[in-house]
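Down below is the structure, laid out as structure tokens.
It should be emphasised that the depicted structure is a prediction, and the values quoted were computed from it without experimental measurement. Counting starts at 1 for both ligands and their atoms, in listed order.
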Amino acid sequence: MTSAVSGNSDSVPFAGDSRWWAAGAQVASVARFEQVIDALRIVQDRVAGANPPESELVEVAEKLDEVSRALAVFQVPETKQVVGHLDVPGRGQSLVPAFHVDRADGNSVRGRVSFSRFYLGGGGAAHGGAIPLVFDEVLGRLANVGGRIRSRTAYLHVNYRAITPLDEELTLEARFDSEEGRKRFLSAELRKGDVVLADAEGLFVALREGQP
Ligand SMILES: CCCCCCCCCC(=O)SCCNC(=O)CCNC(=O)[C@H](O)C(C)(C)COP(=O)(O)OP(=O)(O)OC[C@H]1O[C@@H](n2cnc3c(N)ncnc32)[C@H](O)[C@@H]1OP(=O)(O)O
């Protein structure tokens, strides 16, 4: 039996369906796919943090090749892709740390995120590119919810105020500040407790008819 992939991209509704993707992609089991993504995230972390002997590396490479071969025959075009459209925190997209929504409406969202070992930059701090990934994910979704015409990031300005530690639950708050014609201005902060670790301002431009 197959299930339609949900229009919402988080277990707590993010106030609407952005329809960034073509609706109707089917997945054999959302729960099983989520299990695969969770396992993949752990593999990413374990690979990033490992320094095993060569014999173990040979075995691990063979096992990973086996997984790649198993999935190779099931590749689909973007319109049928499941990753990115799963109704689970993080949309099943293992590139971006999963964002867990606690509160959302059409103009703001608050949630939690944690940067695991995979996202290490150096010196215990999250990679400077991993933080904009999360801001783009959250602001991009917020820019498009509530039946708005879909938009794309035109710019994303990030200020790094303090190092972002790994493996700690952080909060992220974002808001839709204003709109001028096709231009949507949004902002957000990433915090550990009361301390702002990073903040961001983004411009998202609504796409014209037929614009990719
Ligand atoms: C479930 C799905 C969830 C998805 C979540 C993740 C969402 C992630 C969103 C993304 O990351 S999208 C991918 C990254 N972004 C891109 O690939 C965008 C690439 N750039 C473009 O496609 C175009 O440049 C863009 C659509 C952003 C704008 O081009 P247009 O030709 O449509 O707009 P135009 O150049 O006419 O500009 C419209 C207005 O925006 C302004 N503008 C555009 N880019 C700007 C910029 N960079 N800085 C300042 N202003 C800018 C421009 O000046 C103008 O202002 P005015 O109306 O006041 O004259």
Side-chain angles (χ1 to χ4, degrees), residues 3-27 30 33-34 37 40-41 76-115 119 126-159 172-190 198-212:
S3 329
V5 176
S6 167
N8 280 318
S9 297
D10 217 309
S11 50
V12 178
F14 205 146
D17 176 355
S18 73
R19 292 287 174 212
W20 189 267
W21 61 94
Q26 300 283 309
V27 59
V30 169
F33 214 111
E34 185 180 14
I37 298 301
L40 176 60
R41 285 185 184 278
V76 293
E78 183 181 342
T79 49
K80 294 191 181 342
Q81 181 174 313
V82 174
V83 161
H85 312 307
L86 279 179
D87 191 10
V88 300
R91 304 185 286 120
Q93 161 62 280
S94 68
L95 172 70
V96 188
F99 179 62
H100 298 260
V101 178
D102 290 325
R103 177 174 56 70
D105 58 37
N107 290 311
S108 67
V109 63
R110 187 176 201 279
R112 288 159 290 124
V113 66
S114 173
F115 293 85
Y119 301 100
H127 194 287
I131 294 159
L133 270 179
V134 178
F135 280 132
D136 193 43
E137 166 79 15
V138 176
L139 293 181
R141 285 174 62 186
L142 184 59
N144 290 338
V145 294
R148 296 185 184 106
I149 293 168
R150 70 190 172 110
S151 63
R152 282 196 189 277
T153 322
Y155 67 66
L156 183 66
H157 182 113
V158 176
N159 296 305
L172 195 155
E173 275 187 272
R175 67 206 64 79
F176 195 117
D177 292 320
S178 63
E179 199 164 10
E180 290 169 25
R182 294 167 55 217
K183 294 190 289 186
R184 300 167 187 170
F185 298 91
L186 289 90
S187 59
E189 299 84 35
L190 177 70
D199 54 60
E201 289 175 2
L203 169 63
F204 294 78
V205 175
L207 299 180
R208 293 183 298 259
E209 186 79 25
Q211 200 172 355

Between Thr153 and ligand 1, find which residue part has any heavy-atom pair under 4.0 Å and reply side chain, backbone, both or neither.
-> both
Best match, Arg150, Gln93, Lys183: closest heavy atom to atom 41 (C) of ligand 1 = Lys183
Check ligand 1 against Arg141 and write out every atom of the ligand that is under 4.0 Å from a heavy-atom position of the residue.
-> 3 (C), 5 (C)
Option set Asp136, Val205, Leu156, criterion heavy-atom distance to atom 11 (O) of ligand 1, minimum | Asp136
Would you say Leu40 has more than 12 foreign heavy atoms packed within less than 6.0 Å of its CG?
-> yes
Tyr155 neighbourhood, listing ligand 1 atoms whose heavy-atom distance to it stays under 4.0 Å | 46 (C), 48 (N), 49 (C)
Counting heavy atoms only, name the option from Val138, Leu207, Leu203, Leu139 that's nearest to atom 42 (N) of ligand 1.
-> Leu203
Salt-bridge criterion met for Arg110 and Glu189 (N-O under 4.0 Å) = no
Would you check if Leu203 and Thr153 make a side-chain contact, meaning some heavy-atom pair closer than 4.5 Å?
-> no
Sub-4.5 Å side-chain heavy-atom contact between Asp199 and Val158 = no
Indicate yes or no: at least one non-hydrogen side-chain atom of Arg182 is less than 4.5 angstrom from one of Phe204.
-> no
Taking the minimum heavy-atom distance to atom 12 (S) of ligand 1, which of Arg152, Glu180, Gln211, Arg182 ranks first?
-> Arg152
How about Leu172 and Phe135: do any of their side-chain heavy atoms sit closer than 4.5 Å?
-> yes
